[in-house]
Amino acid sequence: MEATTVKLNLNMDTISTDRKADTQEIQKLVGAFLNAFLTNDAALVEKELPDDFLGIVPDGRVINKALEIENVKSVALESLNTDRVQIYWYGDTVAIINFCLSIKLKGQDAVEVRDSHVYMKRDGRWQMIMGHATPILQPWVLSS
């Protein structure tokens, strides 16, 4: 099966007019980042991630930019699909985008994770400073 392009569907009707341009820019950045994993495009990740990037992968390991680049180079993905995309704004310089991500590695069953990216506006451009992916296992209920 050939890799397909990831589309990050965010309901723009729920975004205030003053946030639409920034939302579209972040939506484009997230899509490009996810597509880099499909195409093993380490150059894009090298260019877009800041040197102080922090990531937490589904197995709980903390990674930096160099390890994320290695992940992009080596992963063998068949497909990525996003769902339930939400964006949260904190002032004019911080945005968190949260979504479910279905990941299918070649030769394996698909797994789902809840993915969150924290973006910060630096020198007039948005950069992902943190990414955190958590496996979706089973419903977790707090007991009283």
Please examine the side chains of [Y] and [X], heavy atoms only from C-beta on, and report whether any two atoms are closer than 4.5 Å.
X	Y	answer
V30	H117	yes
T82	L34	yes
N64	L54	no
D83	F99	no
V113	I103	yes
I97	Y119	yes
M130	I56	yes
F53	Q127	no

Closest heavy-atom contact between [X] and [Y]?
X	Y	value
L105	L77	CD2-CD2, 3.4 Å
L38	S79	CD2-CA, 3.9 Å
I136	C100	CD1-SG, 3.9 Å
A36	L44	CB-CD2, 3.9 Å
S102	A110	OG-CB, 3.9 Å

Please determine if [X] and [Y] form a salt bridge, counting it only when a charged side-chain N lies under 4.0 Å from a carboxylate O.
X	Y	result
R125	E48	yes
K65	E46	yes
R19	D92	yes
R122	D52	yes
K28	E25	no

So if you build clusters from Ile, Leu, Val, Met, Phe, Trp, Tyr with side-chain heavy-atom gaps below 4.5 Å, do [X] and [Y] land together?
X	Y	answer
V75	L80	yes
I129	Y90	yes
V72	L67	no
V45	I63	no
I87	V85	yes

Polar side-chain atom of N81 near backbone of L101 as donor-acceptor pair, under 3.5 Å: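 No, N81 side chain to L101 backbone: no donor-acceptor pair under 3.5 Å.
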Flag, side chain of K104 to backbone of Q108, donor-acceptor distance under 3.5 Å: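 Confirmed, K104 side chain pairs with Q108 backbone.
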Exceeds 12 heavy-atom contacts within 6.0 angstrom, atom CG of D51: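 Atom CG in D51 is not crowded, with 12 or fewer foreign heavy atoms closer than 6.0 Å.
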Pairing residues for H132 by the ring-ring contact (aromatic ring centres under 6.0 Å, His included) criterion, not counting sequence neighbours: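 Scan of H132 (ring-ring contact (aromatic ring centres under 6.0 Å, His included), adjacent residues dropped) gives none.
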Passing option when W89 is tested against D18, V94, I96, T23 for side chain to side chain contact (heavy atoms under 4.5 Å, CB included):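 Single side chain to side chain contact (heavy atoms under 4.5 Å, CB included) partner of W89 among D18, V94, I96, T23: T23.
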L49 vs M128, side-chain contact (heavy atoms from CB on, under 4.5 Å): CA-CA, chis, key distance, verdict: CA-CA 6 Å; L49 286 184; M128 181 177 26; 3.8 Å; yes
Pairwise distance NZ(K73) to CZ(F37) - rounded to 0.5 angstrom: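 If we round to the nearest 0.5 Å, K73:NZ and F37:CZ are 12.5 Å apart.
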